[in-house]
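A note on names: the letters A, B, ... follow the listed sequences, proteins ahead of strands, and every chain is numbered from 1.
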Protein chains: 2
Amino acid sequence: MSLREKKAEKKKKEIIQSALSIIAEKGYHATTMEDVAAKLLMTKGSVYYYFKDKQDLLFKSQKMLLEQSIQNIEEIMSKELPIIEKLQKVMVVHIEFLITERTGFAMGARPDQFFAGDQLQEIISLRQKYSHCIDKLIAQGIESGYFNKVDTKIVRNIILGAMNYVIEWYSSDGSKDKNELAKSISDYLLRILIN
Amino acid sequence: MSLREKKAEKKKKEIIQSALSIIAEKGYHATTMEDVAAKLLMTKGSVYYYFKDKQDLLFKSQKMLLEQSIQNIEEIMSKELPIIEKLQKVMVVHIEFLITERTGFAMGARPDQFFAGDQLQEIISLRQKYSHCIDKLIAQGIESGYFNKVDTKIVRNIILGAMNYVIEWYSSDGSKDKNELAKSISDYLLRILIN
DNA sequence: TCATTTTTTAAATGTCAAGTTAAATTTGAA
DNA sequence: TTCAAATTTAACTTGACATTTAAAAAATGA
């Protein structure tokens, strides 16, 4: 990859970051190309140089986030750890990622409000991939006898819902810091699985 | 109240219902006054006769939903019931209400993306009123020794998050019906509070 | 250096929906 | 039945924003 291409890649990432931060602040529809450009001291024309259109930019932003989340989870999945610790680590990393990225709705909102056709399919399958990891952890825990027998799908969704909601109520001024909070949420959630 | 006024009230409610259903489907920003009117076989001019502007309509819609939720919860709070059953009933009713109304984000999304100033304050305080009811139930349960000693705020948010997320994954074709599902989610969540 | 390619800018263009208005129609009370 | 008030309709204005274009600026490399 030439210097030029590397620079272009870097710029694309910057634009995506800018888009993500503005989406987190204003919401998807209220985000304008002007906003995204202005944050980087560019004009919107430049953004169009790197991305086909607004939808393309917003789609790629969401995709990047989901891919990062999946990378996070897969890294933990591949480790040699007791199942309980593994699931807890997954939860802690998820919550911390959510708080630092402050993406608002990375995994939360209904994608069909924003995407259609192939884009929607791609987002859905990335989300499924993520869900599936958690299902696998729960199933392993049940098999090995460490977890109670539960309805995997329901418990997985309870866990995801409780974690994603953090973004709505977390404030940095709280008494607990990010990591402590993530720890204690995951402790509570594990009680559903462990007596 | 004259016949005329009654009719006007009824119409307002119809318009609000229409707005809610379109918001649920398309999201807040993508909802147009034309959509809202068309669903009732009206034109947007008529909607403007009943509501000052789009923001006014959308605000009143959200407010109505929150007020209904609060009414639901207060009705249960006032009953003579063992604390465990009371909390469970609150959760079941919450989940059922969410599913039937399908409002998408009644309590879920960040209100500051949609409202500002006095409207925002009003929404926030309605939400706080709701949260506070749940906090009270948890605190009562802890005091009376039926519940584990937990961080009330964190557990309340876990519960709210898990419940509100249902709207994202519930599908009527699932094996469980609304009530069964609500029951089993609340059972799992109670495990956090009860050994 | 200088020609060429890439990147950025600023201005224009087009679209869409919100908001407004006034005329037409309907309603219900006298 | 009649008429004033209430309601609806449809056309119009306006503004915001996505998108396009052409020209300017910057970077590259021969």
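- Checking dT6(C), dA18(C), dT9(C) against the side-chain heavy atoms of Ser46(A) singles out dT9(C) as nearest.
- Among the nucleotides dT8(D), dT9(C), dG19(C), the one closest to the side chain of Asp53(B) is dG19(C).
- One atom, OH of Tyr49(A), and another, P of dA22(D), lie 17 Å apart when rounded to the nearest Å.
- Rounded to an integer number of Å, the gap from CZ of Phe51(A) to P of dT20(D) is 16 Å.
- Side-chain atoms of Ser18(A) come within 3.5 Å of backbone atoms of Val36(A) as a donor-acceptor pair (strictly under, hydrogens ignored).
- Ionic pairing of Asp56(A) and Lys60(A) is present here: one or more N-O contacts between side-chain nitrogen and carboxylate oxygen are shorter than 4.0 angstrom.
- Atom CG of Asp35(A) is separated from atom P of dC17(D) by 8 Å (rounded to the nearest Å).
- Looking at Lys178(A) and Glu96(A), no side-chain N of the basic residue comes within less than 4.0 Å of a carboxylate O on the acidic one, giving no salt bridge.
- Across all strands, Lys52(B) comes closer than 4.0 Å to no nucleic acid atom at all (heavy-atom distances).
- Distance NZ (Lys6(A)) to C1' (dT7(C)): 19 Å, rounded to an integer number of Å.
- In this structure, the CE atom of Met33(B) is 20 Å from the P atom of dA11(D), given to the nearest Å.
- With hydrogens and angles ignored, no donor-acceptor pair closer than 3.5 Å exists between the side chain of Lys54(B) and the base of dG19(C).
- If you check dG19(C), dA18(D), dT28(D) against the side chain of Tyr48(B), the one that comes closest is dG19(C).
- Here Lys7(A) does not reach the OP1 or OP2 of dA27(D): none of its side-chain N or O atoms lies under 4.0 Å away.
- Distances were taken from every side-chain heavy atom of Thr43(B) (C-beta onward) to each of dA18(D), dG19(C), dA10(D); the shortest belongs to dA10(D).
- Residue Leu41(A) contributes atom CG, which lies 12 Å from atom P of dT8(C) at whole-angstrom precision.
- Side-chain proximity of Lys44(B) to the nucleotides dG19(C), dT27(C), dT8(D) is greatest for dG19(C).
- Taking the six-membered ring for Trp, Phe114(B) and His29(B) have ring centres closer than 6.0 Å.
- For His29(B) and dA16(D), the NE2 to P distance is 16 Å, given to the nearest whole Å.
- Distance, Glu34(A) CD to dG15(D) C1': 14 Å, rounded to whole Å.
- Comparing dA18(C), dT7(D), dA18(D) by their closest approach to the side chain of Tyr50(B) singles out dT7(D).
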- Go through the steps to decide whether Gln62(B) and Gln119(B) satisfy the test side chain to side chain donor-acceptor pair (under 3.5 Å), and finish with yes or no. CA-CA 10 Å; Gln62(B) 290 312 296; Gln119(B) 289 189 340; over 6 Å; no
